[in-house]
Amino acid sequence: MDDTLTTRDRERADTLTIIVKEETPFLPKVAFALITLASLGGAFFTGRGMGLEPMALGMRWLTLWSLALAGGFLAWRVCYLRAHETDVDDEAIARLNDSALTRADQVARWVAPIVFLGAPGALVVPPMMIDPSLRWGMVIGSVLLAGLLLSGVTRRATAILALAVVTLLLAAWATTDAGTDWHGLVRMLHLSAFSLWLGGALWNIAVAMPAGRAHPNLDAVLAGARQLDRFRWVVRFVLPTIILTGVFMAWGYRVMPLEWWLSYPGVLIPLKVLAIVALVVVFITCPLFRHCSPVQGVCNTDDLAESPPVKVTHR
């Protein structure tokens, strides 16, 4: 995507078409649902291997899902949101970011109770698999994260601290699930990739899209496009990471008979693979159909340059 416009385009910036759709594109919501379902299958499969009962399986998944939700959300706040963009007016960016951060605070306060509800997840893991001090440290860490989210993410320092807490918690869960050797590192890469996509999708749907609608001007579109492009660049690495680490973790089950793969819990592995394949299709399809944003030009700024000279429209 070329996120720069020609001098001629700049000269007619006030008349470039910026179409703003009222409805939220459905493909990003489909991607969010698919990654959630994939995580549900993976968490249930791993939890069954630990001998967990249904209620414990659900609690363990809620913990991991809520941490991932917060992690990717905070990564967008810390890493993708910028106060300055090349060839974009700083005042326009400031107005866009103010709207985004106001919205982000609201969403963070919605995520906070989910993180808090998932805090006891470490307590359902069998005692022989986790040190008591680490177990309670994970519970306390989730409670701390919930408190930081409740305080909002407008202050960058708070967001950075919250992101650091998420990183430590994901590392603790990776160690609990797979040990402290390279198996644990693979598990950490898997959880981190999952988090970057899930939480990033949340920010795009719940923060970036509403903020973009509120500022249908050329500078805001360019700033939004560059934020989205950073996220999409990360997803290009996240996708193969999820696939490769998932294949590695499931490799030991390759000798299982066909009946095992077609029954619970073995069937969860191919179901998760199907969900990931569907995610790949959505990732490829989304920009083709301009479903990354309801604001024309955010998915691809070439749409603006090709537009006829008319005013901003809503539909």
Side-chain angles (χ1 to χ4, degrees), residues 35-36 38-75 78 108 111-151 153 157-199 238 241-242 245-246 248-252 265 268 272:
I35 192 66
T36 295
S39 73
L40 187 63
F44 269 53
F45 179 82
T46 305
R48 283 291 292 149
M50 298 177 181
L52 299 182
E53 296 301 321
M55 289 295 293
L57 287 172
M59 176 57 72
R60 181 177 178 278
W61 168 78
L62 178 63
T63 304
L64 292 172
W65 184 78
S66 64
L67 292 179
L69 200 65
F73 184 82
L74 291 163
V78 173
V111 174
I114 302 176
V115 173
F116 182 79
L117 289 174
L123 301 179
V124 306
V125 179
M128 72 286 294
M129 302 189 70
I130 184 171
D131 179 82
S133 60
L134 178 59
R135 177 193 300 270
W136 285 103
M138 292 162 70
V139 173
I140 294 170
S142 289
V143 173
L144 173 61
L145 175 61
L148 290 170
L149 290 170
L150 278 175
S151 70
V153 297
T158 301
I160 291 174
L161 176 59
L163 183 58
V165 173
V166 173
T167 303
L168 291 174
L169 287 170
L170 291 179
W173 274 101
T175 299
T176 299
D177 289 346
T180 56
D181 59 6
W182 54 278
H183 292 85
L185 176 60
V186 171
R187 180 65 175 163
M188 178 61 182
L189 288 173
H190 190 78
L191 292 177
S192 298
F194 161 55
S195 176
L196 287 171
W197 193 334
L198 180 72
V238 161
T241 298
I242 290 176
T245 54
F248 176 83
M249 291 186 293
W251 189 249
L268 293 175
K272 181 174 180 178

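We're numbering straight along the sequence, starting at 1.
Inter-residue side-chain proximity for Leu52 and Met59 is flagged as unmet; no heavy-atom pair is nearer than 4.5 Å. Taking 4.5 Å as the limit, every side-chain heavy atom of Val238 sits out of range of all side-chain heavy atoms of Phe194. Taking 4.5 Å as the limit, some side-chain heavy atom of Val125 sits within range of a side-chain heavy atom of Trp173. Leu150 places none of its side-chain heavy atoms less than 4.5 Å from the side chain of Phe116. Taking the side chain as every heavy atom from C-beta outward, Phe73 and Leu198 never approach each other to under 4.5 Å. Contact annotation: the side chain of Leu67 approaches that of Ser142 to within less than 4.5 Å [non-hydrogen atoms, C-beta and beyond]. Under the 4.5 Å side-chain criterion, counting only non-hydrogen atoms from C-beta, Leu144 is not in contact with Leu149.
For Ala108 against Val153, the heavy-atom pair with the smallest separation is CB-CG1, 4.1 Å. Annotation for Gly71 and Leu163: closest pair O-CD1, 3.6 Å, computed over non-hydrogen atoms. The two atoms that bring Leu170 and Ser195 nearest to each other are CD1-CB, 4.2 Å, heavy atoms only. Here the closest non-hydrogen pair linking Ala146 and Val115 is N-CG1, 4.1 Å. Summarising the geometry of Phe45 relative to Leu268, their closest heavy-atom pair is N-CD1, 3.7 Å, with the distance given to 0.1 Å. Leu169 approaches Met138 most closely through the heavy-atom pair CD2-O, 3.5 Å.
The backbone N or O of Ala43 lies less than 3.5 Å from no partner atom in the side chain of Thr46, so there is not a single donor-acceptor pair.
Here the straight-line distance linking atom CE of Met50 with atom CG of Leu57 works out to 9.5 Å at 0.5 Å rounding. Summarising the geometry, atom CG belonging to Leu161 is positioned 9.5 Å from atom CG belonging to Leu145; distances are rounded to the nearest 0.5 Å. Between atom CZ of residue Arg60 and atom CE of residue Met55 there is a gap of 15.5 Å, rounded to the nearest 0.5 Å. Between the CG atom of Leu134 and the OG1 atom of Thr176 there is a distance of 5.0 Å, given to the nearest 0.5 Å. To the nearest 0.5 Å, the span separating CH2 on Trp197 from OG on Ser39 amounts to 13.0 Å. Between the CD1 atom in Ile114 and the OG1 atom in Thr63 there is a gap of 12.0 Å [rounded to 0.5 Å].
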Tell me which donor-acceptor pairs under 3.5 Å the side chains of residues 182-193 have, and how far apart each pair is, sequence neighbours excluded?
{"residue": "His183", "atom": "ND1", "partner": "Asp181", "partner atom": "OD1", "Å": "3.4"}
{"residue": "His183", "atom": "ND1", "partner": "Asp181", "partner atom": "OD2", "Å": "3.3"}
{"residue": "Arg187", "atom": "NE", "partner": "Asp177", "partner atom": "OD2", "Å": "3.1"}
{"residue": "Arg187", "atom": "NH2", "partner": "Asp177", "partner atom": "OD2", "Å": "3.0"}
{"residue": "His190", "atom": "ND1", "partner": "Thr245", "partner atom": "OG1", "Å": "2.7"}
{"residue": "His190", "atom": "NE2", "partner": "Lys272", "partner atom": "NZ", "Å": "3.1"}
{"residue": "Ser192", "atom": "OG", "partner": "Met188", "partner atom": "O", "Å": "2.8"}

